[in-house]
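The structure appears right after this line, and notes come after that.
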2 protein chains.
Amino acid sequence: MARKPAEQAVSREDILLAAADVFRAQGYHGAKMADIASEVDLTAGSLYHHFPAGKQQILREVLNNGLDMVTEHVRKIVEDPDLSPPEKLKKAIYAHVTALTENPSVAAALVFETRNILNDQEGRDAYLKRRDIFENLYQQVIQDGIDSGVFKPVDVDIFTKTLLGAHNWIGVWYRPEGRLSGADIAATIADIFLQALLQR
Amino acid sequence: MARKPAEQAVSREDILLAAADVFRAQGYHGAKMADIASEVDLTAGSLYHHFPAGKQQILREVLNNGLDMVTEHVRKIVEDPDLSPPEKLKKAIYAHVTALTENPSVAAALVFETRNILNDQEGRDAYLKRRDIFENLYQQVIQDGIDSGVFKPVDVDIFTKTLLGAHNWIGVWYRPEGRLSGADIAATIADIFLQALLQR
DNA sequence: TTGTTAATTAAACTCTTGTTTGATTATTAA
DNA sequence: TTAATAATCAAACAAGAGTTTAATTAACAA
């Protein structure tokens, strides 16, 4: 048999979701095209109809879409003119952490598979640019807080990387079926980093 | 030609060091046996004399040795009966962070290559056991501090994972030739997490 | 010296897996 | 109805890379 009825047709989005799952379970190199395909009831060759550039392209889109998704959540908070730096930081952490816990496969890919896009000439620059933009959102909030005197002075670079490390690591250990909700985790993390920044 | 003079002979330790470097640069799957071998002026086949079980065994030993190294640094502090919980935490962070910044390839491997040992029946359990023991060192210090009233109550599990996330992420972004020393990073991180724990 | 063992090499072996290709079937617009 | 296009499959292709093997040489003890 060949082509499926229209309603059952597999979309690019379906494939990317499946790919993220397989990447989480087996890693990019451990994930065979056939594994990804079978998750959506296709064969390996069929994937090339949707992604002519093959496995690399699938990885690129998983990571770029994932990072864009997280970025939009955080940006919405950070660019709200009615919030103070401490409010922004707290809400941004909440938005960021819950975005990760609600998309655990994407969260894992953002940690473990980033390496595999760095040797890919096509994808590398676009991805790194996205990542800088994202990191800058946090740096800006922290710098603003320091400048306005609500936050005590810290090394913004180290502080931001420490915060992002804590967040990204969620992608390594978080299990949806576990004891902890995204909100629990966000609350604890927000508390830690706000305590550290607020003057006493 | 074949065997080298005794003084120039390549040791297992040399190979593991080289392997960690290659893993950092290219990842476990991107690292060819020939790449590792050429770093120590051998050919791929020669590695099987030192590591009969091949590439998997090399990964296992890189990760186990690396984790043992870091564990010993931290354990020395944590098991010192003369230190209070806040002193222990501060010194443990310092020891841990500097161990990572002084061994950047190992630090990177501990983040990125752990995945690749989890599907390895031989290595998996031994490694996970080590990791639990290590994580427990930090949990114990924090729990002790809470029990004795110097630390305010927090979710020890989330707190520890947040701290370890911050630390492990160093293996992703730290560059030895960069602006920051291990001591700088340790000082900032210790400050963040102690502020968060100390009662006001 | 000389036999034994350790260390190494080159080259062949295999297997896996991403990719390509040509045919086949469903869909849809004219 | 029918031509054109989209989606899919099965099977072949290609190439890389981990591993094995047999031979070779250095070291060292007796």
Side-chain angles (χ1 to χ4, degrees), chain A residues 1-20 22-23 25-63 113 115-117 119-123, chain B residues 1-20 22-23 25-63 113 115-117 119-123:
Chain A
M1 59 209 92
R3 185 172 189 185
K4 299 198 177 164
E7 318 90 54
Q8 300 176 34
V10 176
S11 72
R12 301 181 89 249
E13 201 49 43
D14 294 334
I15 296 172
L16 292 176
L17 257 284
V22 179
F23 290 164
Q26 309 172 214
Y28 176 71
H29 284 283
K32 301 166 210 160
M33 291 296 271
D35 295 334
I36 298 171
S38 90
E39 286 285 306
V40 289
D41 293 305
L42 292 180
T43 58
S46 303
L47 297 179
Y48 290 79
H49 179 70
H50 301 279
F51 301 92
K55 202 178 173 185
Q56 279 284 319
Q57 184 183 6
I58 292 177
L59 175 63
R60 261 181 248 147
E61 300 205 15
V62 167
L63 290 181
E113 313 312 345
R115 155 197 302 292
N116 297 308
I117 208 176
N119 291 49
D120 165 21
Q121 284 304 325
E122 307 299 320
Chain B
M1 58 211 93
R3 184 173 190 185
K4 300 201 176 161
E7 318 92 52
Q8 301 176 32
V10 176
S11 72
R12 302 181 90 247
E13 200 51 42
D14 294 334
I15 296 171
L16 292 176
L17 257 285
V22 179
F23 289 164
Q26 310 172 215
Y28 176 71
H29 286 281
K32 301 166 209 160
M33 291 296 270
D35 295 333
I36 298 171
S38 89
E39 286 285 306
V40 290
D41 293 306
L42 292 180
T43 58
S46 305
L47 298 179
Y48 290 80
H49 179 69
H50 302 278
F51 301 91
K55 201 178 175 186
Q56 280 283 320
Q57 185 184 6
I58 292 178
L59 176 63
R60 261 181 249 147
E61 299 205 17
V62 166
L63 291 181
E113 313 311 346
R115 155 196 305 288
N116 297 307
I117 208 175
N119 289 50
D120 164 22
Q121 283 304 325
E122 306 299 320

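Below, chain A is the first sequence line, B the second, and so on; all start at residue 1.
Residue A:Leu47 contributes atom CG, which lies 12 Å from atom C1' of D:dA7 at whole-angstrom precision. Rounding to whole angstrom units, CD of residue B:Gln56 and P of D:dT19 are separated by 8 Å. Here D:dT8 presents its P atom at 5 Å from CG of A:Leu42, a figure rounded to the nearest Å. As rounded to whole Å, 13 Å separates atom C1' of D:dA17 from atom CD of B:Gln26. If you take CE of A:Met33 and C1' of D:dA10, they are 16 Å apart, rounded to a whole angstrom. Look at NE2 on B:His49: it is 15 Å from P on D:dT20, rounded to the nearest Å. Look at CG on A:Asp14: it is 13 Å from P on D:dA7, rounded to the nearest Å. When rounded to the nearest whole Å, the span between CD1 of A:Ile15 and C1' of D:dA6 equals 13 Å.
Residue A:His50 places its side chain closer to D:dT8 than to any other of C:dT17, D:dT8, D:dA17. Side chain of B:Tyr48, nearest nucleotide from D:dG18, C:dT19, D:dT8: D:dG18.
Residues A:Gly27 and A:Glu113 come closest through the heavy atom pair CA-OE2, 3.5 Å. The shortest non-hydrogen separation linking A:Gln56 to A:Tyr28 is NE2-OH, 3.2 Å. Across all their heavy atoms, A:Asn116 and A:Leu59 have their closest contact at CB-CD2, 3.6 Å.
Side-chain N or O atoms of A:Lys55 include one that pairs as donor or acceptor with a backbone N or O of A:Ala31 at under 3.5 Å.
Contacts of A:Gly54 with the nucleic acid, taken as non-hydrogen atoms under 4.0 Å apart, involve only primed sugar atoms and P, OP1 or OP2. Across all strands shown, B:Ala31 has heavy atoms under 4.0 Å from sugar-phosphate atoms exclusively, and none from any base.
Close to C:dT8, at under 4.0 Å from its OP1 or OP2, lies no side-chain N or O of B:Ser46.
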